[in-house]
**Q** 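One structure coming up, written as structure tokens, with questions to follow.
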2 protein chains.
Amino acid sequence: MQVMSSNSDGLFRILADPTRRLILDLLAERGPLSVGQLASEFPDLVASGISKHLMGLRAGGVVSATRRGRQQIYRLEPDVLAAGLAPWIAKYEQYWSAALERLRDLAQEGRVKDELTSRKNVRRKRLK
Amino acid sequence: MQVMSSNSDGLFRILADPTRRLILDLLAERGPLSVGQLASEFPDLVASGISKHLMGLRAGGVVSATRRGRQQIYRLEPDVLAAGLAPWIAKYEQYWSAALERLRDLAQEGRVKDELTSRKNVRRKRLK
DNA sequence: GTAATACATTACCGAAGGGTAATATATTTG
DNA sequence: CAAATATATTACCCTTCGGTAATGTATTAC
């Protein structure tokens, strides 16, 4: 409480947990998913644990949910994430650019097979 | 332990604390600083608390330290920070670009006086 | 209506985290 | 040498956090 806590503060706390980051990644890669679909990606975690994480993400605004039948469909809210972190990212922007270029060089050399470095898979599907 | 923990994992935990983020900002804006200089920026915190944070940052590799007399001079290691977060940032890059443009537009309209949006203050001084 | 499904909520636990105070160590000063 | 300065380390406290289990609630299926 002795440090200015901007709105980005909550985002950093949200991103501190690897499970939550992976949930965001899944929503980004596969589009909107139900709680069950998300939970199935975490065999070592109980479903209610995922639900709790989702509530945290929802409270932070980085995901939103709509009911469909008896299931809740969660989707990423990328603008909230981006707008909240943009000021911080901008501070170190000069460093990102160099690091990102290096990443692309590696990818282009075919030494990285990680799908995250390619641009074809952040697709949107089934908006309704 | 049920989730892949990449090397970026430690970085996210480091960034989760606002005091540590501010320390990084100070080092980025003012160049290398001693523990005392950094601690003076946190009136509500005891010096050993800052020291502990600095050891954490050092363990993560995002800062390095060299003795000068009886004081330790800490400096930012921007490449470690950038390289560690670049993969994650790349995933959501399309969203950052939009948010960062919006930030610049606001700055250009003179509605933001925050020095963080200007590019003149990330200076390097006194490398030795 | 009853049972089953899909989530959310609550209570609870252990571990980790941030903070202080006290102590230790290295360096300079007198 | 002793005293002072600058930082690191340790022990300890309290809070937060991630996790589970159990219970609650809404919706669908029978």
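First the proteins, then the strands, lettered A, B, ... as listed; each starts at 1. Atoms considered below: every heavy atom in the structure, side chains included; atoms not considered: hydrogens, waters and symmetry mates.
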**Q** Nearest to the S34(B) side chain among dA21(C), dT7(D), dG19(D), which nucleotide is it?
**A**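 Per side-chain heavy atoms of S34(B), the pick is dT7(D).
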**Q** Considering only dG19(D), dA6(D), dA8(C), which nucleotide approaches the side chain of M55(A) most closely?
**A**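 The listed nucleotide nearest to M55(A)'s side chain is dA8(C).
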**Q** Consider the side chain of R70(A), meaning its heavy atoms from C-beta on, and name the nucleotide among dG19(D), dG18(C), dA4(C) that approaches it most closely.
**A**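 Looking only at heavy atoms from C-beta outward on R70(A), the closest nucleotide is dA4(C).
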**Q** Side chain of R13(B), heavy atoms from C-beta onward: which of dA8(D), dG17(C), dT9(C) has the nearest atom to it?
**A** dG17(C)
**Q** Distance check: side-chain N/O of H53(A) vs OP1/OP2 of dC17(D), anything under 4.0 Å?
**A** no
**Q** Between dA8(C), dT9(D), dT7(D), which nucleotide gets closest to the side-chain atoms of S48(B)?
**A**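 Taking heavy atoms from C-beta onward, the closest nucleotide is dT9(D).
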**Q** Where the side chain of D17(A) is concerned, which of dC7(C), dG18(D), dA21(D) is the nearest nucleotide?
**A** dG18(D)
**Q** What is the nucleic acid contact for G69(B), judged by heavy atoms within less than 4.0 Å: base, sugar-phosphate only, or nothing?
**A**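 If one applies the 4.0 Å heavy-atom cut-off, G69(B) turns out to touch the sugar-phosphate alone, with no base involved.
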**Q** From CG of D9(A) over to C1' of dG18(C), roughly how many Å is that when rounded to an integer?
**A**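 Atom CG in D9(A) sits about 14 Å away from atom C1' in dG18(C).
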**Q** When the ring centroid of W88(A) is compared with that of W96(A), is the distance short of 6.0 Å?
**A** yes
**Q** Hey, mind stepping through K91(B) and E93(B) against side chain to side chain contact (heavy atoms under 4.5 Å, CB included) and telling me if it holds?
**A** CA-CA 6 Å; K91(B) 288 188 219 176; E93(B) 191 173 23; over 6 Å; no
**Q** Side chains of F12(B) and D17(A): does their closest heavy-atom pair fall under 4.5 Å?
**A** no
**Q** Could you walk me through whether L15(A) and L15(B) pass the side chain to side chain contact (heavy atoms under 4.5 Å, CB included) test, one step at a time?
**A** CA-CA 9 Å; L15(A) 294 174; L15(B) 294 174; over 6 Å; no
**Q** Select one nucleotide: of dG19(D), dA8(C), dA21(C), the one nearest the side-chain heavy atoms of Y74(A).
**A** dA8(C)
**Q** Would you indicate what G36(B) reaches in the nucleic acid, counting non-hydrogen atoms under 4.0 angstrom: base, sugar-phosphate, or nothing?
**A**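 Sugar-phosphate contact only - G36(B) comes under 4.0 Å of backbone atoms but never of a base.
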**Q** For R20(A) and dG18(D), is the shortest distance between a side-chain N/O and OP1 or OP2 below 4.0 Å?
**A**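 Result: yes.
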**Q** Give the nucleotide from the list dA21(C), dT7(D), dA21(D) with an atom nearest to the side chain of S51(B).
**A** dT7(D)
**Q** Closest nucleotide of DNA chain C for K52(A) versus for A65(A): which of these residues is on the 5' side?
**A**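 In this pair, the answer is A65(A).
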**Q** Starting at atom CD of Q71(A), determine the distance to atom P of dT27(D), rounded to an integer number of angstrom.
**A**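 Atom CD in Q71(A) sits about 13 Å away from atom P in dT27(D).
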